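Down below is the structure, laid out as structure tokens.
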There are 2 protein chains.
Amino acid sequence: MTQSETVERILDSAEVLFAERGFAETSLRQITGKAGVNLAAVNYHFGSKNALIQAVFARFIEPFTRNLRESLQAAIAKNEHVSLDRLLRLLATALVEVPSRSDKSLPVFMRLLGLAYTQSQGHLRKYLEQRYNSELRLFMKLLRQATPQLSSEERFWRMQFMLGALTFTMSSSEALASILQDKNGADAPAEGIVDQLVPFLSAGINAPGVPSVPLSSPPPPLETPCTAS
Amino acid sequence: MTQSETVERILDSAEVLFAERGFAETSLRQITGKAGVNLAAVNYHFGSKNALIQAVFARFIEPFTRNLRESLQAAIAKNEHVSLDRLLRLLATALVEVPSRSDKSLPVFMRLLGLAYTQSQGHLRKYLEQRYNSELRLFMKLLRQATPQLSSEERFWRMQFMLGALTFTMSSSEALASILQDKNGADAPAEGIVDQLVPFLSAGINAPGVPSVPLSSPPPPLETPCTAS
DNA sequence: GTCTATAACGCGATAGAC
DNA sequence: GTCTATCGCGTTATAGAC
């Protein structure tokens, strides 16, 4: 067995098991057992269990951000107006079209992403936002253009709501799909969930703002300086 | 130290630690250490770690479901039509009005709820859905009446999206509030987030459905035998 | 490079003294 | 009721044979 074969088999097995059980609940024994490689192989090739988790994450996020950057830049180059709906579609497509070895890749990625944002110490979040700063700014720029009627505060919160719905639903998609399957026999692949998500998010993000007081501040002046940076 | 004191100290510590690290990542040694009680106390008072997890949940969820049940039943008794917006408001109010020991309670609970669904803690999800079955059915009944235009599949997914947006945003509300504070100095208490969430969710849930194909199936026959297995 | 064997440790749980 | 001590197990990680 060549070295790269071993590495890939470990990554494949780890991805599936992480998705099924969670990270802490998956042992290196289970991973190496499923992969048919030696127990010591993980530490030899990756150094530690945490490094393996990061490697699983990296194998997905790299092609994803590449997909996203290319499609966003293409849209900008053609100088087209990108509607919110189209922007969400581009995002979803970039996610779904990551060449994946199993249908577990996306759930694992989403679970890690959710953890990264949810964990009280935002180390991972800061790391990600720094590493993929350019893609993030590109997306936010297009989002701003697609939702000019929103205050920056509203836009901020709705981004969070979107991230929550996305990570939560996709990371538990297995469990949810099985519930739904009990109900009506239909399966729910990632593409199906995305099809359901896009209109929901589109309507939610474009919703009319909160009617009276925005938060704790008095009624907003009509000319908002938009310098919330 | 009285017995009830010990039990409460354990619950308080466990709540915080679970929310910070997750369930599997928190050991009984950490919990009892932080609580200043003996290691054996958890097994003595609760029986097992899983039972402790459920007890932490129960302490918050009991008043919440009581709130919710009462307000939903009151609405039904008055025979009023409950709009989606109003239904979401009732839900939010039931959440926010749980008498809390600290302002961290709600974020902690939301994070625990998210973890319960996300960290494949099957025992917890089943426990919750069984224990609070009647409240869940009551809410779903009103939701069905408030959204008659949705197919049950659409309604199912949008419930999940709602749960995701809710748990994700509320559980990281601390971190998010601090980000936003950097931006514009405003604070974001739970009530403020809820004010932002309700119109978002309302519009998202009421969004027009996915236009063409429902999922992966070709144009559906009008009488589906529902045996797509 | 890959394996076996095992070190070193932390875990949940419990028996039994107080 | 509460505590100490410890059991039995599973874990990650590694040293050293092949």
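Not measured: the values here are computed from a predicted model. Every chain is numbered from 1, with letters handed out A, B, ... down the list of sequences.
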Hey, can you pull the residues of residues 27-34 of chain A with a non-hydrogen atom under 4.0 angstrom from DNA chain D?
A/Ser27, A/Leu28, A/Arg29
Is the distance between the ring centroids of B/Phe57 and B/Phe109 under 6.0 Å?
yes
Minimum-distance nucleotide (side-chain atoms of B/Ala40 versus D/dC3, D/dA13, D/dT2):
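For the B/Ala40 side chain, the nearest candidate turns out to be D/dC3.
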A/Tyr44 has a side chain; which of D/dA13, D/dT2, C/dG1 sits nearest to it?
C/dG1
Grab the [atom1]-[atom2] distance between [X] and [N] for me, whole Å please.
X	N	atom1	atom2	result
B/Glu25	C/dC11	CD	C1'	14 Å
A/Phe23	D/dT11	CZ	P	17 Å
B/Leu52	C/dA13	CG	C1'	14 Å
A/Asn38	D/dC18	CG	C1'	13 Å
A/Phe46	D/dT14	CZ	P	16 Å
B/Glu5	D/dG1	CD	P	15 Å
A/Ile10	C/dG1	CD1	P	15 Å
A/Lys49	C/dG10	NZ	P	16 Å

Mind checking the CD-CG spacing from A/Glu135 to A/Asn67? Nearest 0.5 Å is all I need.
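It is 11.0 Å, given to the nearest 0.5 Å.
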Upstream residue (5' side of DNA chain D) when B/Ala41 and A/Asn43 are each assigned their closest nucleotide:
B/Ala41
Would you say that more than 12 heavy atoms from the other residues, nucleotides or ligands in this model lie under 6.0 Å from the CZ of B/Arg155, or not?
yes
Just say parallel, tilted or perpendicular for the rings of A/Phe200 and B/Phe200, cut-offs at 30° and 60°.
perpendicular
Ignoring backbone atoms, test whether A/His45 places a side-chain nitrogen or oxygen under 4.0 Å from the OP1 or OP2 oxygen of C/dG1.
no
Salt-bridge criterion met for A/Glu129 and A/Arg137 (N-O under 4.0 Å)
no
Can you see whether A/Gln54 engages A/Tyr127 through a side-chain donor-acceptor pair at a distance of less than 3.5 angstrom?
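Absent: no donor and acceptor within the cut-off.
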Using the side-chain hydrogen bond (donor to acceptor under 3.5 Å, both in side chains) rule, take A/Arg111 and A/Thr167 through it: C-alpha gap first, then chi angles, then the decisive distance, then the call.
CA-CA 6 Å; A/Arg111 191 188 290 221; A/Thr167 56; over 6 Å; no
